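Below, chains carry the letters A, B, ... as their sequence lines are ordered, and counting in each starts from 1. Nothing here was measured: the structure is a model prediction, and the numbers come from that model.
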Amino acid sequence: MGADNQFPVIQYVNEAGSLKQDEVKLHKEQLYQFYFMMVRARMMDKKCLNLQRQGRIGTYVQYEGQEAAQVGSALAVEDGDWMFPTYRDHAATMSFGHSLRNLFLYWKGRLEGSIPPEGRNIFPPAVPIASQLLHAAGAAWAEKKKNSDRVSIVYFGDGATSEGDFHEGLNFASVFHAPVVFFNQNNGYAISVPMEKQMKSKTIAQKGLAYDIPSLRIDGNDILAVYHETVKAVARARSGGGPTLIEAVTWRYGAHTTADDPSKYRDQQESEIRRKTTDPLLRVERLLKNQGWWKEEEKERMEAEITKEINQALKEAEKFKPADIDELFDHVFAEPVWPIEEQRKQHKRLSREGIQ
Amino acid sequence: MGADNQFPVIQYVNEAGSLKQDEVKLHKEQLYQFYFMMVRARMMDKKCLNLQRQGRIGTYVQYEGQEAAQVGSALAVEDGDWMFPTYRDHAATMSFGHSLRNLFLYWKGRLEGSIPPEGRNIFPPAVPIASQLLHAAGAAWAEKKKNSDRVSIVYFGDGATSEGDFHEGLNFASVFHAPVVFFNQNNGYAISVPMEKQMKSKTIAQKGLAYDIPSLRIDGNDILAVYHETVKAVARARSGGGPTLIEAVTWRYGAHTTADDPSKYRDQQESEIRRKTTDPLLRVERLLKNQGWWKEEEKERMEAEITKEINQALKEAEKFKPADIDELFDHVFAEPVWPIEEQRKQHKRLSREGIQ
Amino acid sequence: MTTVAAGLKKLTMVQAITDAMRTMMRENETVLVLGEDVGVNGGVFRATDGLIQEFGEERVVDTPLAESGIIGTSVGLAVNGFTPICEMQFFGFIYPAFNQIMTHATRMRQRSLGRYTVPMVIRAPYGAGVKAPEIHSDSVEALFTHVPGLKVVAPSNPYDAKGLLIASIEDPDPVLFIEPMRCYRSGRTEVPEDKYSIPLGKAAKVKEGTDVTIFTWGAMVQDTVQAVQKWEETHEEVCEIIDLRTLYPLDKEAIKESVEKTGRVVVVHEAPETGGVSGDIISVINDAAFFYLKAPVQKVTGFDTPVPVYSLEQDFLPSARKITAALEQVLKY
Amino acid sequence: MTTVAAGLKKLTMVQAITDAMRTMMRENETVLVLGEDVGVNGGVFRATDGLIQEFGEERVVDTPLAESGIIGTSVGLAVNGFTPICEMQFFGFIYPAFNQIMTHATRMRQRSLGRYTVPMVIRAPYGAGVKAPEIHSDSVEALFTHVPGLKVVAPSNPYDAKGLLIASIEDPDPVLFIEPMRCYRSGRTEVPEDKYSIPLGKAAKVKEGTDVTIFTWGAMVQDTVQAVQKWEETHEEVCEIIDLRTLYPLDKEAIKESVEKTGRVVVVHEAPETGGVSGDIISVINDAAFFYLKAPVQKVTGFDTPVPVYSLEQDFLPSARKITAALEQVLKY
Ligand SMILES: Cc1ncc(C[n+]2csc(CCOP(=O)(O)OP(=O)(O)O)c2C)c(N)n1
Ligand SMILES: Cc1ncc(C[n+]2csc(CCOP(=O)(O)OP(=O)(O)O)c2C)c(N)n1
Ligand SMILES: [Mg+2]
Ligand SMILES: [Mg+2]
């Protein structure tokens, strides 16, 4: 059919760090901001991985390798916009303003971990795959109904495209012309299942054809491509142009989660090679070098600053008030119902007795 | 995007009854067979409608106007193939061999109505929209696993394309290269909802692009187009070529069901015009006339034969043994379980007492 | 025509339901109606008749044919300032939306510690007895009383339907509102033209009694009342009939009080027995009034089978005969 | 290493489950395994480890990520000659498949009067206590005991797991087989190498007793045994523990017999109380042993809240302390 041929991978900066698109004007500050946010995301990911190994947080979901896709797209949305992440998208949420402390709390199994800062519309990470696409469509549709120019951005993986909710989400957004950016991170795997077993189509972008949704395929490790193409999609959505589907082709270096062993289903050598070739941070480093803008000290300064920020956040998370069972009982309904109140009372009575 | 431009409507015979494709060889017998089957289907539909009005059957689902799509496609599959109809596809099932008596029984609310003749693989009509696409994919996949060359054909409407199961059905069939023909009858409406509200894409065929499934759009009121294009899709499936999506563009003349009032949502004049222009039976009549093969007596002979067949079937259905509650209890599990056995006993005891 | 007092109208249940939605849509412009055929067509049961004419297509929306899509987008709408009333065309077609209901609509408040909430009503016509095709007659309320974070409401008459639906729309959390199809047009009662609401979680005493209590809801209330009337003509024991109205949370006080008085209980519902709400009722009685119970609770329910095609649905449904037998049984002890 | 008799192996529950599938796949080539990550990866819990190597990818299938797709295509496979074992990666991800289970897998026999049948096993790891992320710890067996046409099975130890899973695979109808994650690797027991099966619908008496019966299943069996051991050290009443093993149909005989003997009952389950299987058990006792009951049945269950994130899951789960309190309570009367 050749529907895939319609979607060549859009690249702004190639692996060697050379600019591929003439129209783009490079700004040193912006490049450094991108770089900073990606370094921050990567350091946070490493920290969490270590904490998990030390048993200080629970099962953790890594994103190392996907920083450009998440950071670049998150920087393309603004105050008042809505973000719908999955369990793997904290590089996106932290770049959109979610607090590091809360991210730590999330991985410590705390409900507080999902609470975004006041004024920032970030949904709790979706766990049932693809279910969040509909929420994004609905929240965006609500903005349209309010005649605002706010939009939704929603994250999902290659595996998520197989669920019915992916289809229904794109169709509802298309029919109601909702201002949503469907941001797919095609990291090639859904846990152990490679894309070739997930679908026969060669691209995810072509799935947009089913809904007459403008679609594109970009190099998800090229933060300039990610940022600028997402900005375009967001602008279209803001100005009443409806949804866009973006397939960002990327790769996760590590395991699916800390409970996963990737050597069961793929050769991890691939990741080692990619660290030296297609890495999103490296690419910006090379670009900066090619532009003559690179400063090694700047990198060290960044890392020091980020280390401090992360340690501070971790400290706050670790001395955060212990989980309180009332959180569970208090937030099922606005007004308590008797079965829950009885259960609360009984539970507390026994807990008290247990302590005595 | 223009994905819709890729799918012009394929026509073999135009409304005036002229042949549009040179390769097709016309066979008088075959045309008369097509015509006969369509007349039979239409007469059956009329009969059921009348019976419903007389209160002799329950709510009934009409298909008048869609005979070419259903009959033509049903004649393209063979012994040992699998058919997955919806509530609206008895023109297809009766053309594939389902008995008229059982069709009457079905609309009399009898389980026996869903039982196909021995050796004919016809599923009970699917009621939850789009759910049957997965069964068709599964049964076809089973044939592939058995190394047989049998295939599935599955029917569904334009509205059905919105359900998640449509998407999952096409994706599974695509991934497992299952021999299925996805036969869509796009009659323009899902109850009251026109296609434009159901989707923004201009065609259903283009949805196949998402799965790299060969897709086509045909004039669903042109039985030659339906038959020959379905034969091709079936042949591809049989020979290991995987699934095909066929969008047959058609129209239902009447209400969605006998419980529906179409004047609430559309101008029924449209149907009256179509009866004189795009009608599937009329088209074959015109073609036969153009070929000089038309015989008015032949039509009368057919109608007489069919009337007899229908009346005979109805008689059998009306004198069929009354519904027996044991049918309900006997077929929940292969081996009875105690709750159902106790309920059966209690029910029978009370029914007996009730009679006394 | 019977005379109707000022401020009252004689309405069928389906009209009362439309009236409730209209009332709330006039009062609160965040209220939306979404579903299959709810707009131009006014709903397959005409429950949304006239709403699109009055409120326009931004507020009364014909959606694509996808239940998960309807509930899922409504979660987004609800969190972002709207109050969607979602129609499931039949209760038996709610299943594709199960995931969105179970993991999102009902958990959003919890998952966000109250930051995001989902004021949403899911309406669904349910139950057997109208000769509908397969799957159209399911009565699966018990699947939803087990879903944390969801209230489940089932009116039995036009007056309650309006008051309970208004209360459901005003509830800040998701409410499943199931409507007995058999009652949609089976009779008219006087319904106030103005807004009123009936609190969720409160049962109604349909008939006072002293010797046995029948707990029921929805379409079974009518059947029970008729069976009891007939039965009392020839028996001296007096039956109390309680229409539970809300199935989650159950009205524990009403159950307790009545059982303490009568000591004998019959539960009538049309869902299959095992896993039905009768289990919850018996469980509440066990907790709250165990020592008052003089006899085992009698259950008159559907079978543990699928709801049958219509030729057998009358056998499946609780009947006056079965209710009578249960009364006789429970009074034997 | 402890010595193991010939023909026996010491296995964890997850190994016993793999063993059951392997046994049946060797015997019956219509048996297939389908699910997300069940092939090359051997399942996220390694429950299908080694199967693809032995049986190839035609019989052990990594499917696309779509639960409705898995169950729906398996209905087609089952009707057309195969016996699919479908893995839902976690029980909390079964919801998207609800429609296919409720309206097709379980109704096909009925709808076709036995012409088409669906021999199918749906496996799903369930329950809290392993610090899994949100939604991963749901315990929603009660949603399925209310689905006509479905058997529901929950093993509590390796030996039962193998025998019950083999019986489930051999059952000609759909069986939901839920596996307590907490027990997957929590201990090994001796399991015969050969094929054996444990009949569905039969409970196991884990411990004989005279004064009170505890009904439970799955991971709660371990907890109950421990709580009882401790409790009996300081009390003279003797507890009977019954592992129900099959949740639909319940073993009515076992329930009746035990309650007639002890007259006092505690039910332990981790699902939310309302709508939980405890309701069915109390209902069966009401029907079968009402007059033997000396005290209200005590329930030790999860709350009517979502299963919480892991910082609170121990509070949510029944604990030894709560089981003890229930024993004290039921013996008070
Ligand atoms: C409905 C549902 N089914 C199964 C799972 C278990 N699961 C968690 S992540 C995952 C793979 C997702 O793959 P993809 O969409 O590519 O995203 P990625 O993890 O690669 O970011 C699966 C199967 C789930 N969370 N939800
Ligand atoms: C899951 C589900 N939702 C809703 C319905 C109610 N319903 C029956 S037919 C129908 C419209 C179907 O439209 P389409 O797919 O175009 O088929 P057509 O009826 O036009 O043949 C609807 C909404 C249903 N049967 N199943
Ligand atoms: Mg992925
Ligand atoms: Mg249609």
Side-chain angles (χ1 to χ4, degrees), chain A residues 82 84 110-112 114-116 118 121-146 148 150 152 154 163-165 167-176 178 180 327-342, chain C residues 29-30 32 34 58-59 61-82 84 96-97 99-100 102-117 119 148-151 171-174 200-201 246 248-253 280 284 287:
Chain A
W82 289 81
F84 296 83
R110 296 293 300 274
L111 286 165
E112 290 85 350
S114 295
I115 315 301
E118 206 48 60
N121 300 322
I122 306 175
F123 248 47
V127 172
I129 300 294
S131 55
Q132 73 278 15
L133 275 74
L134 285 161
H135 311 155
W141 188 15
E143 293 297 338
K144 190 175 163 225
K145 284 186 185 298
K146 295 180 200 172
S148 100
R150 296 298 92 186
S152 290
V154 56
E163 289 279 4
D165 276 1
H167 173 69
E168 299 187 17
L170 268 76
N171 192 44
F172 270 66
S174 162
V175 166
F176 298 111
V180 198
E327 285 176 5
L328 185 59
F329 297 122
D330 283 346
H331 299 287
V332 184
F333 295 104
E335 295 292 325
V337 298
W338 69 261
I340 296 180
E341 289 312 293
E342 286 192 0
Chain C
E29 64 176 28
T30 72
L32 309 176
L34 299 97
E58 277 297 313
R59 296 186 61 199
V61 186
D62 278 324
T63 65
L65 207 178
E67 291 75 14
S68 185
I70 295 169
I71 303 296
T73 50
S74 291
V75 168
L77 287 164
V79 164
N80 200 1
F82 290 90
N99 187 46
Q100 286 291 345
M102 182 71 176
T103 66
H104 291 297
T106 57
R107 293 197 208 205
M108 194 54 71
R109 177 184 289 279
Q110 173 76 73
R111 297 180 69 227
S112 68
L113 291 173
R115 169 77 166 260
Y116 299 121
T117 61
L150 186 66
K151 300 200 183 80
D171 195 280
D173 291 302
L200 305 187
T246 297
Y248 190 89
L250 286 169
D251 187 343
K252 186 181 181 175
E253 284 314 309
D280 284 331
V284 167
D287 299 351

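Q100(C) and H135(A) share a donor-acceptor pair across their side chains, judged by distance under 3.5 Å alone. Between the side chains of E253(C) and W338(A), no donor-acceptor pair of N or O atoms lies under 3.5 Å.
For chain A, the nearby part of R115(C) is the side chain; its heavy atoms alone come within less than 4.5 Å. Contact annotation for D62(C): only backbone heavy atoms (N, CA, C, O) come within less than 4.5 Å of a heavy atom of chain A. Both the backbone and the side chain of N80(C) have a heavy atom closer than 4.5 Å to some heavy atom of chain A. Contacts of L133(A) with chain C are absent, with no heavy-atom separation under 4.5 Å from either backbone or side chain. At a 4.5 Å heavy-atom cutoff, the contact between P64(C) and chain A is made by backbone and side-chain atoms alike. Both the backbone and the side chain of E118(A) come within contact range of chain C, each with at least one heavy atom under 4.5 Å from a heavy atom of that chain. Contact annotation for F176(A): only side-chain heavy atoms (C-beta onward) come within less than 4.5 Å of a heavy atom of chain C. L65(C) does not touch chain A: none of its heavy atoms, backbone or side chain, sits under 4.5 Å away.
Options A178(A), A173(A), P116(A) differ in how many heavy-atom pairs under 4.5 Å they form with chain C, and the most are formed by P116(A). Your options are T103(C), V79(C), I71(C), L32(C), and the one with the most heavy-atom pairs under 4.5 Å with chain A is V79(C). The choice from T106(C), L250(C), T117(C) that makes the most heavy-atom pairs within less than 4.5 Å of chain A is L250(C). Annotation: maximal heavy-atom pairing with chain A below 4.5 Å, among P96(C), G76(C), G201(C), occurs at G76(C). Taking G164(A), P339(A), A137(A) one by one and counting their heavy-atom pairs under 4.5 Å with chain C, the maximum is reached by P339(A). Chosen from Q132(A), E335(A), K146(A), the residue pairing most often with chain C at heavy-atom distances under 4.5 Å is K146(A).
Considering every non-hydrogen atom in both A130(A) and E163(A), the closest pair reads CB-CB, 3.6 Å.
For E341(A), the CD atom is densely surrounded, since the number of other residues' heavy atoms within 6.0 Å is greater than 12.
The distance from atom CG of L134(A) to atom CG of D165(A), rounded to the nearest 0.5 Å, is 4.5 Å. Atom CD in Q110(C) sits 10.5 Å away from atom OG in S114(A) (nearest 0.5 Å). If you take CH2 on W141(A) and OG on S74(C), they are separated by 7.0 Å, rounding to the nearest 0.5 Å.
Side-chain contact between R111(C) and F123(A) is absent, with no heavy atoms from C-beta onward closer than 4.5 Å.
Between the Y116(C) side chain and the I122(A) main chain, a donor and an acceptor come within less than 3.5 Å of each other.
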